[in-house]
Participant: 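First the structure, which I've put down as structure tokens, then a few questions once you've had a look.
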Amino acid sequence: GENVEQHPSTLSVQEGDSAVIKCTYSDSASNYFPWYKQELGKRPQLIIDIRSNVGEKKDQRIAVTLNKTAKHFSLHITETQPEDSAVYFCAAEINQAGTALIFGKGTTLSVSS
Amino acid sequence: DTGVSQDPRHKITKRGQNVTFRCDPISEHNRLYWYRQTLGQGPEFLTYFQNEAQLEKSRLLSDRFSAERPKGSFSTLEIQRTEQGDSAMYLCASSLFGSGNTIYFGEGSWLTVV
């Protein structure tokens, strides 16, 4: 089955710096890669996703890149703000094939002002 | 609120008791998922339904766990003879398969087994 590894487990940055979180996946058939943000005691919320037919996607300060050959994808947050502090999870899925989303273990991002 | 709703939000139970959680997905979503999350970990997949059919179950789902979605709308997750290791947040999620399949989570049901 699919296995998703996520690094680093914790990340501390200064406000205004960039943050990068990386994930690798094992199943080359995976073709959907969402990122979720989870604040303490809250539900995971989708912040951005990418499908295997594109290599990069941006949404304001957030971008995701995908390298299918290497089976890894990354989340980039620029100009970080204190409200970006949360746990971020990557996930992978063989979309359209009847399999479920498999998550990484998460990265705790702390943005200090 | 038209999001995924879960009930109860918190449950404290004694070891050996049975508990049941309910999930109401986003209206018209045909897929419904159950995940379990413990502190410091990512959501772990338990099982999912497409309409009424339970299509996949994780090896994590022991025979003390059973999930149903009888009419293809709401779902229940029952844990029988609870153990302290069952203490976790049980997350329900739903999606519209065939239309991007973006998965939306509920707020979760916290279970504490004492």
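Proteins get letters first, then strands, A, B, ... in listed order; numbering begins at 1 in each.
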Participant: Are more than 12 heavy atoms from other residues, nucleotides or ligands located less than 6.0 Å from atom CZ of Arg15(B)?
Facilitator: no

Participant: Quick check on Lys68(A): does its NZ atom have over 12 non-hydrogen neighbours (other residues, nucleotides or ligands) under 6.0 Å away?
Facilitator: yes

Participant: Look at atom CD of Glu79(A) and say whether more than 12 heavy atoms of other residues, nucleotides or ligands are closer to it than 6.0 Å.
Facilitator: no

Participant: Indicate, with yes or no, if the rings of Phe103(A) and Tyr35(B) have centres closer together than 6.0 Å.
Facilitator: yes

Participant: Which one, Ala93(B), Ser95(B), Gly106(B), leads in non-hydrogen pairs under 4.5 Å with chain A?
Facilitator: Gly106(B)

Participant: What part of Phe105(B) gets within 4.5 angstrom of chain A, counting heavy atoms only: side chain, backbone, both, or neither?
Facilitator: both

Participant: Which bit of Pro34(A) comes within less than 4.5 Å of chain B, counting heavy atoms only: side chain, backbone, both or neither?
Facilitator: neither

Participant: So which atom in Met89(B) and which in Lys42(A) form the shortest heavy-atom distance, rounded to 0.1 Å?
Facilitator: CE-O, 4.5 Å

Participant: Is chain B contacted by the side chain of Leu101(A), its backbone, both, or neither, given a heavy-atom distance below 4.5 Å?
Facilitator: both

Participant: Just checking Gln81(A): does its CD atom have more than 12 heavy atoms from other residues, nucleotides or ligands closer to it than 6.0 angstrom?
Facilitator: yes

Participant: With hydrophobic residues grouped by side-chain heavy-atom distances under 4.5 Å, do Leu91(B) and Leu46(A) end up in a single group?
Facilitator: yes

Participant: From Phe45(B) CZ over to Glu2(A) CD, what is the distance, rounded to the nearest 0.5 angstrom?
Facilitator: 13.0 Å

Participant: Step through the shown structure and confirm whether more than 12 heavy atoms of other residues, nucleotides or ligands are within 6.0 Å of CZ on Phe49(B).
Facilitator: yes

Participant: Same cluster for Trp35(A) and Val20(A) if Ile/Leu/Val/Met/Phe/Trp/Tyr side chains link at under 4.5 Å?
Facilitator: no

Participant: For residues Arg43(A) and Val4(B), report the shortest heavy-atom separation together with the two atoms involved.
Facilitator: NH1-O, 4.0 Å

Participant: With side chain to side chain contact (heavy atoms under 4.5 Å, CB included) as the test, would you mind laying out the steps for Phe89(A) and Gln37(B) before giving the verdict?
Facilitator: CA-CA 12 Å; Phe89(A) 294 100; Gln37(B) 187 176 27; 3.4 Å; yes

Participant: Could you check whether atom CD of Glu83(A) has more than 12 heavy atoms from other residues, nucleotides or ligands sitting under 6.0 Å from it?
Facilitator: yes

Participant: If I compare all heavy atoms of Tyr36(A) with all of Ile103(B), which pair ends up nearest, and what's the gap?
Facilitator: OH-O, 2.6 Å

Participant: With a 4.5 angstrom heavy-atom cut-off, could you sort out which part of Gln38(A) is near chain B: side chain, backbone, both or neither?
Facilitator: side chain

